[in-house]
Amino acid sequence: MKLLLIHSDYIEYEVKDKAISHPEEINIKNDRMEEALTVFVAVEKIDEKSPKQAVLDAGNEIVKTAEQLKVDNIMIYPYAHLSSDLASAKAGKEILVLLEEFFKKTKFIVKRSPFGWYKAFKISCKGHPLSELSREIIPGGEESESLKKERKLSSYWHILTEDGTLHDVGEFNYNNREKLKKFAMYEKEKSRAVKQEPPHVKLMQTLEIADYEPASDAGNMRFYPKGRFIKKLIEEYVTQRVIEYGGLEVETPIMYDMDHPTLSKYLQRFPARQYQIESDKRMFFLRFAACFGQFLMAHDATISYKDLPLKIYELTRYSFRREQSGELTGLRRLRAFTMPDVHSLVSNLDMAMDEFKVRFDLSLSVLKNIGIDIDDIEMALRTTKDFYDKNKEFLVDFVKKLGKPVLLEMWDERIFYFVLKYEFNFVDMSDKASALSTDQIDIENGERYDITFTDNEGKQKHPLILHCSPSGAIERVMYALLEKEAIRMKQGKKPMLPVWLSPTQIRFIPVKDEFVSDCEGFVDDLQKISSYYHIRGDIDDREESVGRKIRDAEKEWIPVIVVAGEKEREEKTFTPRFRNDELGDSNKSYSIQELHELMLGHVKDFTQHKLPLSLYVSKRPRFKG
RNA sequence: GCCGCCGUAGCUUAGCUGGUGGAGCGGCUGAUUCGUAAUCAGCAGGUCAAGGGUUCAAAUCUCUUCGGCGGCUCCA
């Protein structure tokens, strides 16, 4: 049976002449239905063998679509032209009647236009992506291509534990692994319990980190000074780690010719997802990943096997994906995002697997140091059955490294360009999972881009390519950090960004005007201790009460607050308010030198920058209420 | 993109069944010089997201567009 489903504002028809010698007898010559799913049906030979099954399969498929579209009305419309292998007129009519009866038992209101007549009809199609669908129903057993693919994807979800056992996702005992359960359910069922605005949206605004920009396209954010600074620190940290790992940092264009022979093939598979721009009558698309520039560069390079693994790195600001508008939320998913992407060209699968291990450690370490721990993430491994069977030990090693069970998705055959992929996913308060770090073993693009290296026998070969983002999109890392703090707030704890990411690390509050100059001296002393390590202090010199200034500093999540007056001027020691106990003891006194050492422990491994704001709080504009 | 909800000063918001918008925070001015989460007083901020319609009269009803959120879909 062939179906053409049209989500229509209305469908109306008028019966004209007989199309076959003995058409169905009719009472009404015309009819109309509003807000209907119009189902054009061609009954085929194959349906005659098992009419009931055909009706059941078709009916269920139609119900599924109708529920998705939230329509109540269904118009069944015989339409022979959909098939070249039609059932007999008698069988066709019977099956359509059965189909109508199928719907009479459901909540839907169904009408059927008569069989065997030429009819004039008018239809108004809504025109959204789901409004026109075609389906092929093969009764019993065999499913349509798309269904088959879907089924295949959904039936191979497992939990892989450290002992190497594969568990069924549905039957696994999650016990204390609530987040893994949520992640598995999110991936498999796409189901979620909590329905609310993600808390990081309010936080990114009130902390003056980032905000929506109505004058741009949705999903293109503005970053306020503090947000830009935090983002820069993360960007630089990830870059530094990749360079230490051996990545060669490059920069490539953000737009590419849509007609370029290599790229156009790639694009044709996903035509609707890019921004397109015109320049001198040529059409360009904005890059949606760093791959293009790096692959084109590698294509032109002369590479020896001795150079492998060859690691090329770029931090794209930005990559663009025209995600569906309904998918965009805060910093979680954007249309313009900053993506660190390091590719590694390797000679064969063995080298790929060795390299994969190195990068796994890199990703885990990068995330951990940024402030996202193993407890905050759930891992997914995605691979083919073939790869799994041959390399089970290799995969289980990653589970052991992580120290907790992971979600394993397995395909019968390779559907994508990679044979193996891992992701670290952050699961937020709304049970939504978002991928952060990821790495893939790509066995297609070396050839597609005609990248070659010379092996030790002088032969030209295509490398395999690993695609890794050690942190995931920087904006998404910020989302994860904020969501993590939102969870802490809900538990009644004080939220805080990691010290190295806090724009102000120590806030000095003079009790009177006359102590502002002393505070300037303290900030200066802090800076003089080291010309390399910058501990960022500032001064709240506003004409406000001390209580008020402390309150404001707390609202800014400043890790250390120091009130300075007569005592501090005399003794040069301070009794700071530490935001948490790990930073220091709020009942003890510290000298400037000791405060510096305390802070240093939290920042020494990261990139160093001075305060990106005015030293004086009184001289700062407010970017957000 | 689809379905649903929402959009009042920079921010948070009051405004009942239509009768030309009130407040708190923030900002500015003045007073206060203060020791660990909000000092006091005054002033200035609003084509009620934008545009059209209904009406003597629209923040309020209606339509369209834009933006945000939730769900669906999607996530190479």
- Note on the structure: Rounded to whole Å, CZ of F285(A) lies from P of A76(B) at a distance of 16 Å

- Ion pair present between K202(A) and E197(A), side-chain N to carboxylate O less than 4.0 angstrom? yes

- Could you tell me if the ring centre of H200(A) sits under 6.0 Å from that of Y479(A)? yes

- Query: In the strands shown, is U60(B) matched to any nucleotide by a Watson-Crick or G-U wobble pair with both distances under 3.5 Å, and which?
  - Reply: none

- Query: Any N or O donor-acceptor pair linking the side chain of R551(A) to the base of A38(B) at under 3.5 Å?
  - Reply: yes

- Walking RNA chain B from its 5' end, the first of Q440(A) and D552(A) to be reached, judged by nearest nucleotide, is D552(A)

- Message: Check this one for me: any side-chain N or O of K555(A) less than 4.0 Å away from OP1 or OP2 of C11(B)?
- Response: no

- Query: In the strands shown, is A76(B) matched to any nucleotide by a Watson-Crick or G-U wobble pair with both distances under 3.5 Å, and which?
  - Reply: none

- Query: According to the Watson-Crick and G-U wobble definitions, with both distances under 3.5 Å, which nucleotide is paired to A37(B)?
  - Reply: none

- Looking at the side chain of R622(A), which of G26(B), A37(B), U12(B) is the nearest nucleotide? G26(B)

- Closest of A76(B), G70(B), G35(B) to the P198(A) side chain is G70(B)

Nucleotide N/O of nucleotides 66-68 of chain B paired with protein N/O under 3.5 Å:
residue, atom, partner, partner atom, Å
G68(B), O3', Y212(A), OH, 3.3

- Does U20(B) pair with anything, Watson-Crick or G-U wobble, both distances under 3.5 Å, and if so, with which nucleotide? none

- Item | RNA chain B contacts among residues 573-581 of chain A, heavy-atom distance under 4.0 Å | T575(A), R577(A)

- Option passing salt bridge (Lys or Arg N to Asp or Glu O under 4.0 Å) with E187(A) (candidates R382(A), K182(A), K432(A)): R382(A)

- Under the side chain to side chain donor-acceptor pair (under 3.5 Å) criterion, do T252(A) and E314(A) qualify, and how do the steps go? CA-CA 8 Å; T252(A) 63; E314(A) 181 169 8; 2.6 Å; yes

- Listed in order of residue number, which residues of residues 463-477 of chain A have a non-hydrogen atom at under 4.0 Å from RNA chain B? none

- Ring centroid separation F578(A) to Y590(A) under 6.0 Å: yes

- Message: From CD of Q324(A) over to P of G70(B), roughly how many Å is that when rounded to an integer?
- Response: 15 Å

- Query: What's the closest nucleotide to the I550(A) side chain, out of U36(B), C25(B), G70(B)?
  - Reply: U36(B)

- Message: Please name the nucleotide paired to G67(B) by Watson-Crick or G-U wobble geometry with both distances under 3.5 Å, or report none.
- Response: C6(B)

- Taking the six-membered ring for Trp, is the centroid-to-centroid distance between F285(A) and F292(A) below 6.0 Å? yes

- Aro-ring/base stack F288(A)-A76(B), d under 5.5 Å, angle under 30°: yes

- Query: Are Y422(A) and F356(A) an aromatic pair by the rule of ring centers under 6.0 Å?
  - Reply: yes

- Item | Check: G35(B) base within 3.5 Å donor-acceptor of E568(A) side chain | yes

- Applying a 3.5 Å limit to both distances, which nucleotide forms a Watson-Crick or G-U wobble pair with U47(B)? none

- Rounded off to whole Å, could you give me the CZ-to-C1' distance for the R448(A) and A76(B) pair? 10 Å

- Note on the structure: Residue set satisfying side chain to side chain donor-acceptor pair (under 3.5 Å) with S344(A), at least two apart, ordered chain then number -> none

- Just name whichever nucleotide pairs with A14(B), Watson-Crick or G-U, keeping both distances under 3.5 Å, else none. none

- Note on the structure: From CZ of R222(A) across to P of G10(B) the rounded distance in Å is 13 Å

- Note on the structure: From CD1 of I558(A) across to C1' of U36(B) the rounded distance in Å is 14 Å

- Using side chain to side chain donor-acceptor pair (under 3.5 Å) as the criterion, list what pairs up with Y616(A), not counting sequence neighbours. E520(A)

List every contact pair, protein side and nucleotides 29-34 of chain B side both N or O, where the distance is under 3.5 Å.
residue, atom, partner, partner atom, Å
U32(B), O4, E543(A), OE1, 2.4
U33(B), O2, D513(A), N, 3.3
U33(B), N3, D513(A), OD2, 3.2
U33(B), O4, D513(A), OD2, 3.3
C34(B), OP2, K512(A), NZ, 2.7

- G7(B) glycosidic torsion: syn (within 90° of 0) vs anti: anti

